[in-house]
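The structure appears below as structure tokens.
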2 protein chains.
Amino acid sequence: MRADARRNRQSVLDAAYEILATEGLGVPIDEIARRAGVGAGTVYRHFPTKESLIEAVVLNRLHALTDKARSGIDFAEFFTVMVEAGLTNRAIADVLAGGGYQIPADADAALHAAFAELLQEAQQRGTIRPDVTPDDIQALVIGCVATARHRGATALVQVVVAGLRA
Amino acid sequence: MRADARRNRQSVLDAAYEILATEGLGVPIDEIARRAGVGAGTVYRHFPTKESLIEAVVLNRLHALTDKARSGIDFAEFFTVMVEAGLTNRAIADVLAGGGYQIPADADAALHAAFAELLQEAQQRGTIRPDVTPDDIQALVIGCVATARHRGATALVQVVVAGLRA
DNA sequence: CTATAATCGGAACGGTCGCCCCGTTTTTGA
DNA sequence: TCAAAAACGGGGCGACCGTTCCGATTATAG
């Protein structure tokens, strides 16, 4: 791979990460290209479709979240970490909410499984009510991100966490 | 006003109400026109802009909700009514979430005020925690609609309502 | 019944966006 | 250095959508 190609590829990734985080998945490819200092054609040579670029940018964020879930963190803490991730990074919020683009099933499943493990642990310890399922939690995260976006802060997440206690 | 014009106007309103409720604000005007059995030009003669059509359709829904809030209903009950309104009617959910189109400030303010009254009442009676504001409630409604949409039901709203109790 | 004016429908316009094409530039290895 | 190969960039295509335009149609007053 030629040196300039590798350099441009990285520029596109950096620009895409930055803009997708602040603007969400709706941002035009041309804007990412402009920010990266390349033409739109260059973006499409490195990433054959907009979806593939989004995937490349979002995947390691999801992996980082999965790692965080496996780092001995508490369920309630990780819940707020997820909401903060969605609040900080609009692209994350959009993919969690299933907004148009799909993420590889395995990455989604890994995050889901890690989160489910934390939930089950907390339920066995008796700190979280036993009648909520992992899918419920995912839906609540999405809702909390929507809530937090409209208040510009995550303070209200504590209301939901309080409602989750046993 | 000519008879056919009045008839077409009503057809457009009916079709728009139906499609906007199921598809949300993103539906093209052409589709509403087709469903109403008229041309797109006819829609635009009666409603100069897409926003004005949406406004005409959504406004009386919001007024109905405001009336419901003033009908002696309980705060927690009305909270679930609002979420159900957003779940049943995508257009309502979209405007509540501020999705692109704006609603006249007075209708929004009336609903907001009625909801705030219910909240204050419940807080004085000691059933709802005193540290949440009316704006918090609106944000929580939006979040609950997002949650409910991803689970296809409003059962999880009870988690949030539980978290709201004093 | 007919003239007039209101109304109609759908083709057309302008703007946006994802994606492709291709003449031009740049890298690279011999 | 230089020629082949790789990469570049931006104009252009097709699709979608809100909105406008205008020739054809239809309701209604006299």
Side-chain angles (χ1 to χ4, degrees), chain A residues 1-59 90-91 94-95 98-104, chain B residues 1-59 90-91 94-95 98-104:
Chain A
M1 186 148 155
R2 254 167 61 169
D4 56 343
R6 184 163 42 244
R7 217 181 318 124
N8 279 333
R9 187 191 154 88
Q10 193 56 47
S11 296
V12 169
L13 274 174
D14 292 346
Y17 177 79
E18 213 174 310
I19 302 189
L20 286 174
T22 58
E23 308 282 333
L25 302 185
V27 69
I29 287 287
D30 296 39
E31 200 169 318
I32 296 176
R34 201 166 44 75
R35 179 90 139 238
V38 302
T42 299
V43 174
Y44 278 96
R45 192 163 326 96
H46 291 293
F47 303 95
T49 194
K50 183 181 179 180
E51 187 164 8
S52 69
L53 173 57
I54 289 172
E55 194 180 299
V57 166
V58 164
L59 261 192
R90 278 196 67 102
D94 289 350
V95 299
Y101 295 94
Q102 298 248 342
I103 245 34
Chain B
M1 185 148 155
R2 253 168 63 169
D4 56 343
R6 186 164 40 244
R7 217 181 319 123
N8 279 331
R9 185 192 155 89
Q10 193 58 46
S11 296
V12 169
L13 274 174
D14 292 346
Y17 176 77
E18 214 174 310
I19 302 190
L20 286 173
T22 58
E23 307 283 334
L25 302 185
V27 67
I29 287 287
D30 296 40
E31 199 169 319
I32 295 176
R34 201 168 44 76
R35 177 91 139 237
V38 303
T42 301
V43 175
Y44 277 96
R45 193 161 327 94
H46 291 295
F47 303 95
T49 195
K50 183 180 180 182
E51 188 165 7
S52 70
L53 173 58
I54 289 172
E55 193 180 300
V57 166
V58 163
L59 260 191
R90 278 197 66 102
D94 288 350
V95 300
Y101 294 95
Q102 297 249 343
I103 246 32

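Heavy atoms only: backbone and side chains are in, while hydrogens, waters and symmetry mates are out. Naming convention: chains lettered A, B, ... in sequence-line order (proteins, then strands); numbering from 1 in each chain.
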Phosphate-side-chain proximity, [X] and [N], N/O vs OP1/OP2 below 4.0 Å:
X: A:Asn8; N: D:dA7; answer: no
X: A:Thr42; N: D:dA7; answer: no
X: A:His46; N: D:dC8; answer: yes
X: A:Thr49; N: C:dC19; answer: yes

Distance in angstrom units between [X] [atom1] and [N] [atom2], rounded:
X: A:Tyr44; N: C:dC19; atom1: OH; atom2: C1'; answer: 5 Å
X: B:Arg6; N: D:dT26; atom1: CZ; atom2: P; answer: 19 Å
X: A:Leu53; N: C:dC19; atom1: CG; atom2: C1'; answer: 13 Å
X: A:Ile54; N: C:dC17; atom1: CD1; atom2: P; answer: 14 Å
X: A:Met1; N: C:dT28; atom1: CE; atom2: P; answer: 11 Å
X: A:Ile29; N: D:dG11; atom1: CD1; atom2: C1'; answer: 17 Å
X: A:Lys50; N: C:dC20; atom1: NZ; atom2: C1'; answer: 17 Å
X: B:Glu51; N: D:dT19; atom1: CD; atom2: C1'; answer: 14 Å

B:Arg90 and B:Glu23 ion-paired at < 4.0 Å:
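Salt bridge absent between B:Arg90 and B:Glu23.
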Roughly how far, to the nearest 0.5 Å, is CD1 of B:Ile54 from CG of B:Leu59?
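If we round to the nearest 0.5 Å, B:Leu59:CG and B:Ile54:CD1 are 11.5 Å apart.
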Does [X] reach a base, just sugar-phosphate, or nothing at all? Heavy atoms under 4.0 Å.
X: B:Ala3; result: sugar-phosphate
X: A:Ala5; result: sugar-phosphate
X: A:Val43; result: nothing

Could you check whether the side chain of A:Arg2 and the base of D:dA6 have a donor-acceptor pair of N or O atoms closer than 3.5 Å, going by distance alone?
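Yes, a donor-acceptor pair under 3.5 Å.
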Is the shortest heavy-atom distance from the side chain of B:Glu55 to the side chain of B:Gln102 under 4.5 Å?
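Result no, sub-4.5 Å side-chain heavy-atom pair not found.
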Counting distance only, does the side-chain N/O of B:Asp94 pair as donor-acceptor with the main-chain N or O of B:Leu25 below 3.5 Å?
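A pair under 3.5 Å: yes.
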Side chain of B:Thr42, backbone of B:Val38: donor and acceptor closer than 3.5 Å?
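Such a contact is absent between B:Thr42 side chain and B:Val38 backbone.
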5' priority, DNA chain C, between B:Asp30 and B:Asp4 [closest heavy atom]:
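Result of the comparison: B:Asp4.
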